[in-house]
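Just so it is clear, the structure is predicted and the values come from calculations on it, not from any experiment.
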Amino acid sequence: RGIYGPYERCPYNPVLSHRDRGGHPIQAVGHADMFQDQNGAWWAVCLGIRPIGWPMLHNLGRETFLAPVHWKDGWPVIADGGGIELEMEGPLPAPSENTDLDISLDFSSPEIDRRWNYIRNPDEKRYVQKNGCLLLAGDNQDLSTPAGNPTFLGMKQQAFRIEAITTLKVPEKGKAGMSAYYNEDYHYDIGIKRAEDGSYGIFVNKRVHDLENETFRRVIFSKDPVSLRISADTEYYRFAYKMGDGPWIDAGQGLTAGLCTEATHTMTFTGVYIGLFASLGMGEFTEWKLKNL
């Protein structure tokens with residue numbers, strides 16, 4: 001009853017725990033806060049993860065979950081026993097809204113969409129939208145630069161199964177493309193680059209720990225724009241490209257486990273971002289679509 005005690009043990013402990021719920025789609029719940037809405041109903045918000053399977057690896061980062069709270073004998077009880085479900089019953093203070101997580105941008109606005117995120121503090125001169133193009137001016141930093149500030153715009157991956165597509169012009173120099181990015185030591189990239197011998201092609205780069213491997217496929221590009229695609233599920237990130245209205249051409253894949261928090265040496269909790277980048281030249285993008293499947 002007072003901040004200095006005495007303290008009593010809650011008879012309904014644990015108030016929030018999934019320690020005995022192995023195999024449940026939500027794990028590692030905790031760091032909860034409780035609040036009361038305008039109608040007097042009580043709720044808890046907490047962090048948790050959604051593993052891709054067993055072993056318990058996750059690539060979406062820590063996510064926020066909402067659960068109803070009721071009071072029993074003066075004690076808070078979360079969700080009738082301390083468990084969090086993907087769908088729960090509770091007296092919402094207003095009708096729920098169906099939020100469309102799919103995103104489609106044509107870069108017709110001069111303003112950078114606020115859903116993009118940068119890597120560290122951006123140099124805003126490197127990010128320009130005009131005439132229906134997103135212009136990314138890359139310098140000599142790339143996505144593997146330690147503690148770097150590469151030219152990158154990313155959006156949080158919010159579902160296991162996603163498809164991201166961008167359309168861009170063939171860069172005159174350097175490289176530009178798409179990335180499934182966890183941090184500088186863990187990312188999978190597909191893009192267009194100009195090789196040292198002057199030839200152009202599609203590259204797929206995979207960085208895991210201190211190992212990095214790039215495959216380069218020489219391609220004769222037509223004047224039509226080139227599209228790149230990253231699709232993902234709980235097993236693989238897959239990469240493809242196409243020219244104009246032609247068919248998609250497979251360019252490789254990388255294990256989802258390689259971008260999971262538990263498989264990294266840094267153990268951060270932001271999860272994977274899907275985004276666009278440029279290095280050593282200008283990337284000119286004309287389309288961006290991110291779809292949750």
Side-chain angles (χ1 to χ4, degrees), residues 10 12-71 75-103 113-120 153-164 180-183 186 232-234 256-257 259-264 266-275 290-293:
C10 175
Y12 308 111
N13 280 338
V15 173
L16 175 65
S17 176
H18 279 201
R19 66 185 182 186
D20 298 322
R21 306 185 82 187
H24 192 274
I26 303 170
Q27 294 291 330
V29 296
H31 299 281
D33 284 316
M34 294 194 300
F35 67 95
Q36 195 173 22
D37 67 25
Q38 63 265 38
N39 295 333
W42 283 85
W43 302 88
V45 287
C46 70
L47 296 181
I49 63 172
R50 289 185 289 158
I52 62 174
W54 189 259
M56 195 173 69
L57 304 176
H58 79 285
N59 65 320
L60 300 184
R62 287 183 175 178
E63 299 175 293
T64 304
F65 294 86
L66 175 72
V69 174
H70 71 273
W71 294 83
W75 296 93
V77 177
I78 296 177
D80 296 323
I84 306 295
E85 304 294 339
L86 293 173
E87 293 186 3
M88 308 182 77
E89 294 289 335
L92 293 175
S96 60
E97 299 180 5
N98 292 323
T99 301
D100 187 0
L101 298 179
D102 295 345
I103 298 171
D113 192 284
R114 292 182 180 271
R115 288 169 290 188
W116 289 115
N117 286 249
Y118 304 88
I119 298 174
R120 301 181 179 88
L153 289 174
M155 294 185 177
K156 186 82 163 59
Q157 182 178 341
Q158 299 185 69
F160 294 123
R161 290 173 48 81
I162 59 102
E163 180 183 76
Y181 180 89
Y182 181 90
N183 64 21
Y186 304 91
D233 55 29
T234 57
T256 301
L259 301 184
C260 287
T261 294
E262 294 77 10
T264 72
T266 42
M267 290 287 286
T268 61
F269 302 102
T270 55
V272 174
Y273 282 73
I274 309 297
L290 178 59
K291 186 175 182 179
N292 297 276
L293 305 176

Over all heavy atoms of both residues, which pair between [X] and [Y] is shortest? Give the atoms and the distance, please.
{"X": "A67", "Y": "I84", "value": "CB-CD1, 3.5 Å"}
{"X": "V29", "Y": "C46", "value": "CB-SG, 4.4 Å"}
{"X": "M56", "Y": "P51", "value": "CG-CG, 3.4 Å"}
{"X": "I26", "Y": "H18", "value": "O-ND1, 2.8 Å"}
{"X": "G83", "Y": "R21", "value": "CA-NH1, 3.1 Å"}

Gap separating the [atom1] atom of [X] from the [atom2] atom of [Y], nearest 0.5 angstrom:
{"X": "T99", "Y": "Q158", "atom1": "OG1", "atom2": "CD", "answer": "9.5 Å"}
{"X": "Y181", "Y": "T270", "atom1": "OH", "atom2": "OG1", "answer": "9.0 Å"}
{"X": "I52", "Y": "L60", "atom1": "CD1", "atom2": "CG", "answer": "9.0 Å"}
{"X": "N183", "Y": "Y273", "atom1": "CG", "atom2": "OH", "answer": "12.0 Å"}
{"X": "D233", "Y": "R161", "atom1": "CG", "atom2": "CZ", "answer": "6.5 Å"}
{"X": "L101", "Y": "M155", "atom1": "CG", "atom2": "CE", "answer": "12.0 Å"}

| query | Can you tell which of V272, N292, L290 makes a side-chain contact (heavy atoms from CB on, under 4.5 Å) with Q157? | reply |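 Only one option passes, and that is V272.
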| message | When you compare the side chain of I78 with that of Y12, does any pair of heavy atoms fall below 4.5 Å? | response |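 Not in contact.
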| field | Close side-chain approach of W43 to P68, heavy-atom, < 4.5 Å | value |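 They are in contact (side-chain heavy atoms under 4.5 Å apart), so the answer is yes.
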| said: Using modelled atom types and a 3.5 Å cut-off, is there a donor and acceptor pairing between side-chain atoms of D37 and backbone atoms of N39? | reply: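 Yes, because the side chain of D37 sits within donor-acceptor range (under 3.5 Å) of the backbone of N39.
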| Whether H58 and F269 hold their rings parallel, tilted or perpendicular, with breakpoints at 30° and 60° |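 Plane angle under 30°, so parallel.
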| query | Checking side-chain contact (heavy atoms from CB on, under 4.5 Å) for the pair I49/E262: CA distance, chi angles, key distance, verdict? | reply | CA-CA 12 Å; I49 63 172; E262 294 77 10; 4.2 Å; yes
| task | Please report the C-alpha distance between T234 and T256 in whole Å, then the side-chain angles of each, then the deciding distance to 0.1 Å, and finally whether the side-chain contact (heavy atoms from CB on, under 4.5 Å) criterion is met. | result | CA-CA 6 Å; T234 57; T256 301; 5.7 Å; no
Side chain to side chain donor-acceptor pair (under 3.5 Å) involving [X] - partner list, sequence neighbours excluded:
{"X": "W116", "value": "none"}
{"X": "E63", "value": "R50"}
{"X": "Y182", "value": "T261, T268"}

| Just wondering, are more than 12 heavy atoms of other shown residues or ligands nearer than 6.0 Å to NZ in K156? |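 More than 12 within 6.0 Å, yes.
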| Taking everything shown except Q36 itself, do over 12 heavy atoms lie less than 6.0 Å from its CD? |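 Yes.
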| Any residue meeting salt bridge (Lys or Arg N to Asp or Glu O under 4.0 Å) with D102, in chain and number order, not counting sequence neighbours |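 So D102 forms no salt bridge (Lys or Arg N to Asp or Glu O under 4.0 Å) with any residue.
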| said: Test of understanding: with ring-ring contact (aromatic ring centres under 6.0 Å, His included), list the residues that count as partners of F160, not counting sequence neighbours. | reply: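 With neighbours one apart ignored, the set is empty.
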| field | Counterpart residues, ring-ring contact (aromatic ring centres under 6.0 Å, His included), relative to H70 (two or more places apart) | value |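 Once residues adjacent in sequence are excluded, H70 has no partner under the ring-ring contact (aromatic ring centres under 6.0 Å, His included) criterion.
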| request: Dump the intermediate steps for side-chain contact (heavy atoms from CB on, under 4.5 Å) on T64 and L47, then the final yes or no. | output: CA-CA 5 Å; T64 304; L47 296 181; 4.1 Å; yes
